Visitor: 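Please see the structure below; I have some questions.
From a predicted model like this one, the values you see are computed outputs, not experimental measurements. Every chain is numbered from 1, with letters handed out A, B, ... down the list of sequences.
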Amino acid sequence: MLGEEGAAMAVRPVETAESRYDFAEIERKWQAAWAAADLYRTPAAEQRPKYYMLTMYPYPSGDFHVGHWYAMTPPDVYARYMRMRGHDVLFPIGFDAFGLPAENAAIKRGIHPRTWTMDNIARMRAQLRTMGTMFDWEREVVTCDPEYYRWNQWFFLRFLEKGLAYKKHAPVDWCPSCQTTLAREQVVGEERRCERCDTPVIRKDLDQWFFRITAYADELLSFHGLDWPERVKAMQTNWIGRSEGTAFAFEVGQERFEVFTTRIDTLYGCSFAVLAPEHPLVERITTPEQRDAVAAYIGQASRESDTERLSTARQRTGVFTGAHAKHPLTGQPIPVWIADYVLMSYGTGAIMAVPGHDERDFDFATRYGLPIPRVIEGGDLPHTGAGTLVNSGPYDGMTSADAWNAIADALEKGGIGRRTVQYRLRDWLISRQRYWGTPIPVVYCDACGIVPVPDSDLPVVLPPDAEFRPTGESPLLHDPSFLNTTCPKCGGPARRETDTMDTFVDSSWYMYRYLSPHDGAAPFDPAAAARWLPVDTYTGGIEHAILHLMYMRFFTKAMRDLGLVAFGEPALRLRNQGIILGENSEKMSKSRGNVVNPDDLVARYGADVVRLYLMFIGPWDQGGPWNSRGIEGIVRFQQRLWRTCLDAAATGGGRDHPGDPSLRRALHQAIARVTADLDRFAFNTAISAMMTLLNEVGAYREAGGGNGDLLREVMRAFTRLIAPLAPHQAEEMWQRLGGAGSVHVQAWPEADAALLRQERVTIVVQVNGKVRDRLEVDADAPEDEVRAAALASAKVQAAIGGRAVAKLVAVPNRLVNLVLG
RNA sequence: GCCGGGGUGGCGAAACGGCAGACGCGGGGGACUUAAAAUCCCAGGCCGGCAACGGCGUGCGGGUUCGAAUCCCGCCCCCGGCACCA
């Protein structure tokens, strides 16, 4: 071509071998450059507003799968974005390094858990680097390091002092496969299976350590000031299970037992009472004639597993104790039964039965021929709703709501009962009968009993030369050097606690440890905490909705009450990722053969494309199936963006073109959209806005636009917009476009409202709400002008068909609706 | 049963109460090429029609409104959580 191109000739970038974007080379280059320049070090001095971006630290299982990439990309994007928006960003990473898989590897293959764990961590660190993440590795936390877990022990001791940690003999859940007890939260589903390994748990009576999370039950119900998904809040609320009711006692001769009810308004309908088979009073009140039947029933109930008890749920069974209790208001004797539909673990383990107005009591009464009185009018029995009271002495004629209060008042006045609140939430069982966890820092002394290990003796370190037995028993039980110690109080011989802590203890406060990961004097540096906490945005999987996220909230509240921090919530905003499914829309698994390996993807497409594609699939909290065709669309986008960038760099001078203003407007529209979309974690629409902008640049070139200055202006801004999502390519583009320094420390572009304004706008003309024509008019044209133009339209006139226009609705710059009479 | 979230083209999905289907995938047509790949362009909800155009369309039935995917009421279905919780 000679000199300047023919004026109207389309100028568009051409694909050549040289213009192909070489992701492998470029990604390697910039990852090395960033590391050498320490680009992602958290700023030490306070200069700009802080932003603490946190993602749930991974378990070092050995390899990241594509789900980890899906989980890790948005926090990285957001951290980069907030940095460009002018914040000092803290974006740390670490490893949740204690846990059973490491111990299983030790038992099976003779590798020490520490070796297994640290090897995995090394491999996963490298993978996280190939993703192009901006984690600050200087702050890495590895929870199996004594330097970390000593502070678990320190917190345990503080909790012990505060009465927030205690030991109790209690019926607990035991996983026979993991060979340890579990917290109630770790037993899932109707079949009561171990959350980790899916084995049905069994009940055991053991001495175990608990954290008193129930002390914060009410406070945990308040999510005030938290921007968390409804789903998570609902799950926690449901788990805590608060219910308001009335507690009162029944007298049985000299004995008495308390019951809890939420339906005190139905008290006059109580025709019998039921105790849980395990209730301590059963033995004392059972009459001699009933003794054999009761003993047989209790024996049968205790032999049955929970699963069996549940499978016969519809067939309610029970046995009469022979005893009678006195109705607190009528004084009538009512029979006392035992039945396994009453649980010892909830409320008081005893109930007042109101068969007329409760399904379960109705079934039971029907089966055993007990009376079913009606105390609320209307409908067939059982009638469980509210209504007007009958057969209720002085309360007849009252509504349920009024009677509820009146009867509660009467019981309180008579000293018989009181209003009270019950929770389903139980205290957090933290004892684990495993080796690979934090030793619980107490010793047992024959003279002094349970003695806490003094702070100065921390950490209590796991013995490194443990012997892992094929039986799966904790090596700590058989390690004399660990087991035998002296009592810190009396100096006599003592024995160490061999239980270790639930690994959820580790994860309950790791966001604090990132502030000063090597601090030898305190769990975290208070000055750093004041600067950075609480976490501004926290991301992770929905599977932790109850477990980790509730424990973490509890820890922060306990730390606040210990005077360690000034706030009560650790994370202000929470966002959950969805799950990436296999190409066949099923869960990815080796057995299904639909696993997508991220290392293969990175080798084939590069990290930027994988990041972009994962974010483009759809709303992040929704997840979705992998699509190997879909990622090719992102490859095309990447290549087209690259060619457009080279083209912009090579195009000369400021040759004006009539398309210039609309291209510049397209840029500012894209800036506005991408900014708003990233703010709301809508990565898919942010990317589509960038694709639209790229299409606009293509159309501009297609139409002969050749203003090189404008093209570079657009592409420099574009480069900054895409920098959080495709950090490597953006860095390379930034350099090619003549930008100084790293693109990742540039200021985020700002949309100019004046440039967003259009000179001409398209107005939709509706007749009776149906679109009949479109008009192009000047922006902000006066209404009567628009109205005249609308009425002048032949299409509109045809639709009106000579009828009268009764009403005209005009929305400026948008539409006119003609309503016919 | 209770709680939470959904239901929009062939597919993934967009849409402050104001042009439904942006953006992308797939399929279709075309340009370039000896050919293919790559790239670029065009069309693209469904039905009728060569077309202009018309009708119908956001799970179903009502309602509010000049105007509803969006708000309200009543259902249906799907996903997730909890579930003998007194």
Side-chain angles (χ1 to χ4, degrees), chain A residues 10 12-17 19-20 188-190 229-239 241-243 245 259-263 266 274 276 309-310 312-314 316 339-343 345-354 358-361 363-364 384 422-424 542-543 545-546 578-579 585 613 616-619 621-622 624-634 636-637 639-640 643 673 682 684-695 698 702 762-771 773-774 795 798 806-811 813-820:
Chain A
R12 75 173 99 96
V14 179
E15 168 91 342
T16 66
S19 67
R20 185 113 196 128
V188 296
E190 219 171 325
E230 282 309 316
R231 192 152 63 127
V232 174
K233 293 193 283 187
M235 283 166 75
Q236 291 198 5
T237 302
N238 183 32
W239 186 259
R242 183 182 201 274
S243 55
V259 298
F260 172 79
T261 179
T262 55
R263 290 301 304 276
T266 63
V274 187
R309 265 165 89 154
L310 280 167
T312 56
R314 290 292 117 206
R316 290 181 212 295
D340 63 6
Y341 81 91
V342 174
L343 310 174
S345 56
Y346 182 77
T348 59
I351 62 158
M352 69 171 202
V354 184
D358 181 283
E359 305 257 8
R360 296 153 300 178
D361 299 343
D363 291 348
F364 193 79
T384 56
Q422 280 290 334
Y423 302 91
R424 225 144 43 211
I542 189 73
E543 68 275 15
I546 295 172
I579 296 169
S585 295
Y613 175 62
F616 188 63
I617 288 176
D621 59 358
Q622 199 177 294
W626 178 261
N627 181 338
S628 52
R629 304 296 273 282
I631 196 170
E632 297 291 345
I634 296 292
R636 285 198 276 270
F637 171 65
Q639 294 295 341
R640 205 158 64 234
R643 289 193 303 272
R673 282 197 56 190
N684 57 330
T685 50
I687 293 168
S688 83
M690 290 189 246
M691 288 173 166
T692 303
L693 176 59
L694 188 60
N695 291 344
E702 188 74 16
T762 302
I763 299 275
V764 168
V765 185
Q766 298 180 334
V767 177
N768 280 343
K770 283 189 189 226
V771 179
D773 200 4
R774 295 179 174 86
K795 288 175 184 171
K807 188 173 172 183
L808 183 144
V809 180
V811 181
N813 294 333
R814 204 157 277 209
L815 66 74
V816 172
N817 188 11
L818 305 170
V819 185
L820 304 183

Visitor: Scan every strand shown for a Watson-Crick or G-U wobble partner of B:C11, both distances under 3.5 Å, and answer none if you come up empty.
Guide: B:G24
Visitor: Measure up the A:F364 and A:Y341 rings against each other and bin them: parallel (under 30°), tilted (30 to 60°), perpendicular (over 60°).
Guide: tilted
Visitor: Pick the P atom in B:G9 and in B:C46, then give their distance to the nearest Å.
Guide: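 It comes out at 11 Å once rounded to the nearest Å.
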Visitor: Rounded to the nearest 0.5 Å, how far apart are CG of A:D621 and CD1 of A:I542?
Guide: 9.0 Å
Visitor: Atom CG in A:L815, atom CD1 in A:I763: separation rounded to 0.5 Å?
Guide: 7.5 Å
Visitor: What's the gap between B:C72 and B:U65 when it is taken at their C1' atoms, as a whole Å value?
Guide: 12 Å
Visitor: Using a heavy-atom cut-off of 4.0 Å across all strands, would you classify A:T348 as base, sugar-phosphate, or nothing?
Guide: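 Here A:T348 touches no strand at all.
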Visitor: Which of the following nucleotides, B:C3, B:U39, B:G81, is nearest to the side chain of A:A234?
Guide: B:C3
Visitor: Any side-chain heavy atom of A:W626 sitting closer than 4.5 Å to one from A:Y613?
Guide: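 They are in contact (side-chain heavy atoms under 4.5 Å apart), so the answer is yes.
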Visitor: Summarise protein proximity over nucleotides 10-19 of chain B in one line of letters, 5' to 3': B for base, S for sugar-phosphate only, - for none, counting protein heavy atoms closer than 4.0 Å.
Guide: --BSSSB-BB
Visitor: Whom does B:C71 pair with, Watson-Crick or G-U wobble, provided both distances fall under 3.5 Å?
Guide: B:G63
Visitor: Does atom CZ (A:R231) have a neighbourhood of more than 12 heavy atoms from anything else shown, all under 6.0 Å?
Guide: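 No, because the 6.0 Å sphere around CZ of A:R231 holds 12 heavy atoms or fewer from other groups.
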Visitor: Looking at every non-hydrogen atom in both residues, tell me the closest pair between A:M235 and A:I546 and how far apart they are.
Guide: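 Scanning both residues completely, I find the closest heavy atoms to be O-CD1, 3.9 Å.
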Visitor: Compare all side-chain heavy atoms of A:S688 with those of A:R673 and state whether any distance is below 4.5 angstrom.
Guide: yes
Visitor: CE of A:M235 versus P of B:C79: gap in Å, rounded?
Guide: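 Atom CE in A:M235 sits about 17 Å away from atom P in B:C79.
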Visitor: Nearest to the side chain of A:R643 - B:U39, B:C82, B:A86?
Guide: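 Looking only at heavy atoms from C-beta outward on A:R643, the closest nucleotide is B:U39.
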Visitor: Could you check which of B:C23, B:G81, B:G4 has an atom nearest any side-chain atom of A:N238?
Guide: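 For A:N238, the side-chain atoms sit closest to B:G81.
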Visitor: Round to the nearest Å and state the distance from A:N695 atom CG to B:C23 atom P.
Guide: 7 Å
Visitor: To the nearest Å, how far apart are A:L693 CG and B:A22 P?
Guide: 18 Å
Visitor: The side chain of A:Y346 lies closest to which of these nucleotides: B:A86, B:C25, B:C41?
Guide: B:A86
Visitor: Which way is the base of B:G9 turned, syn or anti, if we draw the line at 90° from 0?
Guide: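 Syn, since the glycosidic angle lies within 90° of 0.
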Visitor: Can you tell me how far P of B:C79 sits from CD of A:E543, to the nearest Å?
Guide: 20 Å
Visitor: A:T685 versus A:I687: any side-chain heavy-atom pair under 4.5 Å?
Guide: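 The answer is no; the side chains never approach within 4.5 Å.
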Visitor: When the C1' atoms of B:A20 and B:U58 are compared, how many Å lie between them, rounded to an integer?
Guide: 7 Å
Visitor: Determine the interatomic distance between P on B:C73 and the same-named atom on B:G81; round to the nearest Å.
Guide: 27 Å
Visitor: What's the gap between B:G7 and B:G59 when it is taken at their C1' atoms, as a whole Å value?
Guide: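 So the two C1' atoms sit 6 Å from each other.
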Visitor: Among B:G4, B:A86, B:U39, which is the nearest nucleotide to the side chain of A:R231?
Guide: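 Among B:G4, B:A86, B:U39, the one nearest the side chain of A:R231 is B:G4.
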Visitor: Does a nitrogen or oxygen in the side chain of A:R20 sit under 4.0 Å from OP1 or OP2 of B:U39?
Guide: no
Visitor: To the nearest Å, how far apart are A:Q236 CD and B:G80 C1'?
Guide: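 Interatomic distance, CD of A:Q236 to C1' of B:G80: 16 Å.
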Visitor: Report the nucleotide, chosen from B:C82, B:C23, B:C41, that has the shortest atom-to-atom distance to any side-chain atom of A:M691.
Guide: B:C23
Visitor: What's the closest nucleotide to the side chain of A:V819 if the choices are B:C25, B:C66, B:A86?
Guide: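 In terms of side-chain proximity for A:V819, the closest of B:C25, B:C66, B:A86 is B:C66.
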Visitor: Check whether any side-chain nitrogen or oxygen of A:K795 sits under 4.0 Å from OP1 or OP2 of B:C53, and answer yes or no.
Guide: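 For A:K795, the contact criterion (side-chain N or O under 4.0 Å from OP1 or OP2 of B:C53) is met.
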Visitor: Taking only the P atom of each, what is the distance from B:U70 to B:A86 in whole angstrom?
Guide: 37 Å
Visitor: Suppose you measure atom P in B:C2 against the same atom in B:G54; what distance do you get, rounded to whole Å?
Guide: 48 Å
Visitor: Could you tell me how far B:A22 sits from B:G45 if I compare only their P atoms? Round to whole Å.
Guide: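 Their P atoms lie roughly 9 Å apart.
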Visitor: Let me know the distance between CZ of A:R640 and P of B:U39, rounded to the nearest Å.
Guide: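 After rounding, the reported distance stands at 9 Å.
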Visitor: Has A:I579 got more than 12 heavy atoms of other residues, nucleotides or ligands less than 6.0 Å from its CD1?
Guide: no
Visitor: Could you give the CD-to-P distance, from A:Q422 to B:A86, as a whole number of Å?
Guide: 9 Å
Visitor: Which residue lies toward the 5' end of RNA chain B, A:E230 or A:T262, if each is placed at its nearest nucleotide?
Guide: A:E230
Visitor: Could you tell me how far apart A:K770 (NZ) and B:A68 (C1') are, to the nearest whole angstrom?
Guide: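 Whole-Å distance recorded here is 14 Å.
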Visitor: Look through every strand shown and name the nucleotide pairing with B:G80 as Watson-Crick or G-U wobble, where both distances are under 3.5 Å.
Guide: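 Result: B:C3.
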Visitor: Got A:M691 and A:F616 here, is their nearest side-chain heavy-atom distance under 4.5 Å?
Guide: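 SC-SC contact between A:M691 and A:F616 confirmed.
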